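All of these numbers come straight from a predicted model, not from anything done at the bench.
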Amino acid sequence: MIATAVAANAYDVALENFDTAADAMGLDADVREMIKYPERILTVTVPVKMDNGHIHRFEGYRVQHSMVRGPAKGGIRYHPQVTLDEVKALAMWMTWKCAVVNIPFGGAKGGITCNPKVMSLGELERMTRRYTSAILPLIGPERDIPAPDVYTNSQTMAWIMDTYSMTKGYPIPGVVTGKPISLGGSLGRNEATGRGVFNTIECACEFLKMQLKGSTVAVQGFGNAGSIAAQLLYDAGAKVIAVSDSTGCVYNRNGLNVPELIHMKALCGHVEGFPESEPISPAELLALNCDILVPAALENAIREDNASSVKAKIVAEAANGPITPAADRIMEAKGIFVIPDILCNAGGVTVSYFEWVQDEQHLFWEAQDVYNRLERVMKTAFRDVLKIHTDRKVPMRIAANILGIGRVAEAVQIRSIYP
């Protein structure tokens, strides 16, 4: 099973999804050549003095897929499985994601191949600052704005901002988003991705004439996006029956106490062993008989070999690329309603845009203002995608890609930047 997951190359998946949507919309061949591939790819060596006194060389990446609609925007992830192809795929998805929610950013992504779980805070800081120095020629408030991603957080962004600002001689908060509030971060940014997932699930339930209250939910991945989505669903009266993280899965058919589970995760670093729950396998979680499944971990969670076991009515992609194209086709045939990643998890980049705007204007908003603006953006984007889905009778993923690719293609044509 592990070998199957690794074999699905994220960039190949991104290209296949692009081609499927481009074919469906009859996209001009010249425009395809202009918007399909990354504009810039930077690979850097990141030598770091470890706590044992020795130097360890890490490899890092920053990919700018498109800057046609505005500055590049995208997170930085620290993970042992980071590859250049993964970063290229994530940058490409970010381009379409920004276009789907109609914010004036292009797509970028970055990452370092490392295992942050075995690194000290000092090692992480030294690695982050060295990586920032290496990608300095690419980033800036008007060029490329990094943000947190897998195993990076507001502290990581603070180090990046500080390193960049030292080269200018004064603070430049707009170089990153997802910063601490005290450094120009935005209220509501931490929970933005999970809140956007919740907003799109609300819309899907309304479209399918399902009651969210009382519906059963399984969440694969209990990091920032998964835990906050679970909390909001719990608050809305849904029954969260299963949750997993990298340590294990817990299940209670009568529903888990999500606030207590979040508290335990914060204290102990895992969900395994949660009281009033029983352990199940990752495969069992994906196959649970539930109304809503939220894959909120890494890519390729649902593949050709396990898609037929999924029984949920709605699959909300809080993660990037959790369903492969082959699995998509199986789930479409089963009538499962998929909220695609470039729509479902776009709350994070939307509030990142809000943060960037606040930094540039030096004027900050109340949390409720952020929530209200986010909800409007997410529900408008859902309606835009849903209209293409119903009018063209194409799956939601193709509809979302048609919307995002179409907006980028229009920008290319209006700017007349053909070679």
For Val68 and Ala411, the nearest pair of non-hydrogen atoms, with its separation, is CG1-CB, 3.4 Å

Quick one: do Phe337 and Phe207 satisfy ring-ring contact (aromatic ring centres under 6.0 Å, His included)? Show the steps, please. CA-CA 10 Å; Phe337 188 86; Phe207 171 66; 5.7 Å; yes

Closest non-hydrogen atom pair between Arg62 and Gly74, with its separation: NH2-O, 3.1 Å

Would you call Gln64 and Pro38 a side-chain contact if the rule is heavy atoms closer than 4.5 Å? no

Measuring from atom OH of Tyr131 to atom CD of Glu59, what distance do you get when rounded to the nearest 0.5 angstrom? 11.5 Å

Do Arg373 and Phe354 make a side-chain contact, defined as non-hydrogen atoms from C-beta onward lying under 4.5 Å apart? yes

Would you say Pro180 and Leu183 make side-chain contact, with heavy atoms under 4.5 Å? yes

Roughly how far, to the nearest 0.5 Å, is the CD atom of Gln231 from the CZ atom of Phe198? 11.0 Å

Looking at every heavy atom in both Met50 and Met119, which two are closest together, and how far apart are they? CE-CE, 4.4 Å

Counting only heavy atoms not in Gln211, do more than 12 sit closer than 6.0 Å to its CD atom? no

Assess whether side-chain contact (heavy atoms from CB on, under 4.5 Å) is satisfied between Ile103 and Val349, documenting all intermediate values. CA-CA 9 Å; Ile103 57 176; Val349 72; 4.0 Å; yes

Find the distance between CG (Asp328) and CZ (Arg303) and round it off to the nearest 0.5 Å. 14.0 Å

Would Glu191 and Tyr371 count as having a side-chain donor-acceptor pair, cut-off 3.5 Å? yes

Compare all side-chain heavy atoms of Met378 with those of Leu374 and state whether any distance is below 4.5 angstrom. yes

Decide yes or no on salt bridge (charged side-chain N to carboxylate O under 4.0 Å, His left out) for Asp291 and Lys311, but give the supporting numbers first. CA-CA 8 Å; Asp291 297 310; Lys311 301 180 184 68; over 6 Å; no

With rounding to the nearest 0.5 Å, note down the distance linking CZ in Arg383 to OG1 in Thr390. 13.0 Å

Does the side chain of Asp341 reach to within under 4.5 Å of the side chain of Pro322, using non-hydrogen atoms? yes

I need the minimum non-hydrogen distance between Ala301 and Asn306, along with the two atoms involved. O-ND2, 3.0 Å

State the NZ-OG1 distance between Lys313 and Thr216, to the nearest 0.5 angstrom. 6.5 Å

Crowding at CZ, Arg130 (>12 non-hydrogen neighbours, <6.0 Å): no

Looking only at side-chain N and O atoms, does Asn153 offer a donor or acceptor that is under 3.5 Å from a partner on Thr156? yes

Is the shortest side-chain heavy-atom distance between Phe382 and His389 below 4.5 Å? no

Measure across Pro173 and Asp359 and return the closest heavy-atom pair with its distance rounded to 0.1 Å. O-OD2, 3.5 Å

Stepwise, does the salt bridge (charged side-chain N to carboxylate O under 4.0 Å, His left out) test hold for Arg329 with Glu16? CA-CA 13 Å; Arg329 291 187 284 272; Glu16 183 175 342; 3.4 Å; yes

Steps toward salt bridge (charged side-chain N to carboxylate O under 4.0 Å, His left out) verdict (Lys109, Asp144): CA-CA 9 Å; Lys109 209 74 177 184; Asp144 183 354; over 6 Å; no

Donor + acceptor pair across side chains of Tyr353, Thr177 (<3.5 Å): no

Could you go through Val13 and Ile323, starting from their C-alpha distance and side-chain angles, then the distance that decides it, and tell me whether this counts as side-chain contact (heavy atoms from CB on, under 4.5 Å)? CA-CA 9 Å; Val13 170; Ile323 303 176; over 6 Å; no

Side-chain donor-acceptor pair present, Thr247, Asp245, cut-off under 3.5 Å: yes

For Glu317 and Arg397, run salt bridge (charged side-chain N to carboxylate O under 4.0 Å, His left out): C-alpha distance rounded to whole Å, both residues' side-chain angles, the deciding distance at 0.1 Å, then the answer. CA-CA 11 Å; Glu317 292 186 319; Arg397 184 178 316 284; 2.8 Å; yes

Would you mind reporting whether Pro104 and Arg69 have side-chain heavy atoms less than 4.5 Å apart? no

Testing the 3.5 Å rule here: is there a donor-acceptor pair between the side chains of Asn199 and Arg376? no

Distance-only donor-acceptor check, side chains Asn401 and Asn17, under 3.5 Å: no

Tell me, with the steps shown, if Arg129 and Thr132 meet side-chain contact (heavy atoms from CB on, under 4.5 Å). CA-CA 5 Å; Arg129 290 183 182 277; Thr132 304; 5.5 Å; no

Apply side-chain contact (heavy atoms from CB on, under 4.5 Å) to Ile405 and Met25, showing your working. CA-CA 9 Å; Ile405 292 167; Met25 63 194 292; 4.0 Å; yes

Pairing donors with acceptors under 3.5 angstrom, does anything connect the side chains of Thr200 and Lys379? no

Is Val243 close to Leu256 at the side-chain level, that is, under 4.5 Å between some pair of heavy atoms? yes

Ser120 and Asp51: side-chain donor and acceptor closer than 3.5 Å? yes

Both conditions, 6.0 Å and 45 degrees, for the charged tip of Lys88 above the ring of Tyr11: are they met here? yes

Separation between CG of Leu233 and NZ of Lys239, rounded to the nearest 0.5 Å: 14.0 Å

Is atom NZ of Lys387 surrounded by more than 12 heavy atoms (other residues, nucleotides or ligands) closer than 6.0 Å? no

